[in-house]
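For reference, the structure is listed below as structure tokens.
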Amino acid sequence: MIDIAMRLYENVYFLVAMILFIIGFHTLLTHSNLIKKVIGLNIMDTAIFLFFVSIGFVEGRVAPVIEPGVDQAYINPLPTVLILTGIVVAVSVTAFALSLIVKIYESYGTLDAEEIMRIRSTEQ
Amino acid sequence: MSLVEFLILLFQEHAPVMVVVFVLFVSYLLPLIDLWKREWCASIAIAALVITLVFIGFIGHQVFTFGPILYEMGSWAAPWGIQFMVDYLGLFMLITIGVVSLIILVFGAKDLTHELKPRVRGWYYTLYLLLVGSMMGLAITNDLFNMFVFMEICSIAACAIISIKSDRECVEASFKYLILSAIGTGGVLLSIALLYMITGHLNFDYMGAALETAIHLYPNNIVVSLALFSIGFVVKAALFPLHVWLPDAHSSAPSPSSAMLSGLVIKIYAVVYLKLLVRVFPAELFANIPLFDIILILASLSIFFGSVFAMFQDDIKRMLAFSSIAQIGYVFLGIGLLNSSGLTGGLLHIFNHAFMKSMLFLSAGAVIYCTGIRKIKDLKGIGLKMPLVMGMFTIGAMAMVGIPATNGFISKLHLALGTLEAGKPIYLGVILLSSLLNAVYYFPIVINAFFGTHDEDHEDEHHEGGIQCKKLPLQMAVPLAVLGFGCLFFGLYPKYILIIIERAVQLML
């Protein structure tokens, strides 16, 4: 038991990332409010970013900025750099999703996905 | 260095990257041109795609003379730099995307004048070229993270060319598509993280080599990442249980967008998925996990339910969208069989379906342009008013069913041979059943269009048959005719495209 707890503690970033991922995914699937869906999507993305960044991180090492004469160990910067791109992508997806939500609100007058389904089914 | 020498250098050494960069560059230039001379946008976009085709032709020549090209970005060697690899599969996809997207754009340049507001028309070409560029990037990239970025560009551009019409169905469909594809790319990014964690590479080849040993050390990572990759790509390629976004998105979009989305966008994900399964994941993994059997089952369900749902639609574009779900099933059937005939059939169906489905969507678009009719039951007697359009629709319908002398027959034949080669004749039954179902929902439209008569139109009788019909512009008629000719040509002479596919399949198996 203590053994498992110790291993979870050592990999606490991964644990938190997985919990966040599940929270985000759950929000995305179960809430019918469109804004909450986008929030869920963002939590999910954040969890993935945390996971990706923590892969490259090693306790006690520094970012690879080389100072002459100082003997240091460095972390792997590549995951961090990739996630910078990932964040930009996530921001643009969020912006696009929100702008679509504005349009949806203008034409349906509601943000509730089930309400929109109801309106559409009565139209047909 | 003179300008001519510079251009020659661009052609000779940087052709693979120029294909992608040139299209993206022009797409970002178009909003500026839109401010200056709005009416030039369409011609510039078409010219850009023609120049891209020249690049692709040059790359094709090089690939056939010297073998697959490995291009290193900024001359950084492989484990560090990003690579583009144009093998036969990549070349095949480049040709498919280049040719079909050009034909659709020529049609669209005219059709969009009545479907879109003038204010957004210039932006449409930006999004269209972004979509084309990102798909070409997906076809030839050799780097996982690069693949992720192209996937995101592709999904945003694909959503945007739906929602640009900005009526309420389009916006809602586009939002649904965006959320589902964001879940898909989220899964893909997470699985890239899981693989990077145990291999330290992002390059397909290096990762594939590292996974050969890593599978014994960290099997769980690989299994989870395989599952996430599969879910991500199945969502984006709209295979059966995860197809829910496709019917709304493809039917409500402007017709050129529908043709593009159904004809090309869902296929590119199938191709990338195939590339990952064959080149990155170790073959040993599939001894324990029956992934290819799962793909076969999903593909069969997709073929069956896509056709069944299509039968009950009364909107012609919605019917075509459901038919796309059935047809992507064939592509995945080829992937699931994973033998030479099956894979040839699956890949050939990508090319053939790109021709026939874009033709069907464009002819539906032409009918809507000329008459405004969307309901299938209103199409009675329209074949006599618009003989070219409905003639092309008939060719497309025959190709969908797989009548000999059309291209659909050739790919179904190869798939059928593949099922026998794999010793799974039950999937032959699926193919036959689906051809029958295709006939059930395509032929009534054709028969009604040519031989149907109006019987309920008592009030509209002074309108000569009830349908008022604008003349079809030449710019819309020619692309339709070219696509129809392509369907027949590649049905009669499939060897011109099979020569690439056979080499691609040889390299993969």
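Every chain is numbered from 1 and lettered A, B, ... according to where its sequence line falls, protein lines coming before strand lines. Atoms considered below: every heavy atom in the structure, side chains included; atoms not considered: hydrogens, waters and symmetry mates.
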The reported gap from CG in B/L194 to CZ in A/F52 (rounded to nearest 0.5 angstrom) is 9.5 Å
Of A/A90, A/G86, A/G40, A/P79, the largest count of non-hydrogen pairs under 4.5 angstrom with chain B goes to A/P79
Working to the nearest 0.5 Å, report the span between CG of B/L180 and CG of A/L28. 8.0 Å
B/M311, CE atom: more than 12 neighbouring heavy atoms under 6.0 Å: yes
Smallest separation among heavy atoms of B/I156 and A/F96, with atom names: O-CE2, 4.0 Å
Pairs meeting criterion ring-ring contact (aromatic ring centres under 6.0 Å, His included) with involvement of residues 140-169 of chain B, two or more places apart: B/F145-B/F148
Is chain B contacted by the side chain of A/I104, its backbone, both, or neither, given a heavy-atom distance below 4.5 Å? both
Using a 4.5 Å cut-off on heavy atoms from C-beta on, say whether the side chain of A/L78 contacts that of B/L202. yes
CD1 of B/I179 to CG of A/L29: how many Å apart, nearest 0.5 Å? 10.5 Å
Applying a strict 4.5 Å limit to non-hydrogen atoms, the region of B/V171 in contact with chain A is both
Which atoms of A/L82 are under 4.5 Å from chain B, going by heavy atoms: the side chain, the backbone, both sets, or neither? both
If you check both backbone and side chains, which donor-acceptor pairs between chain A and chain B fall under 3.5 Å?
unit_1 : atom_1 : unit_2 : atom_2 : d
A/N76  : ND2    : B/Y196 : OH     : 2.9
A/R120 : NH1    : B/E172 : OE1    : 2.5
A/E123 : OE2    : B/R168 : NH2    : 2.9

Could you measure the distance from the CG atom of A/L41 to the CG atom of B/L178? Nearest 0.5 Å is fine. 7.5 Å
Region of A/F51 that comes under 4.5 Å of a non-hydrogen atom in chain B: side chain
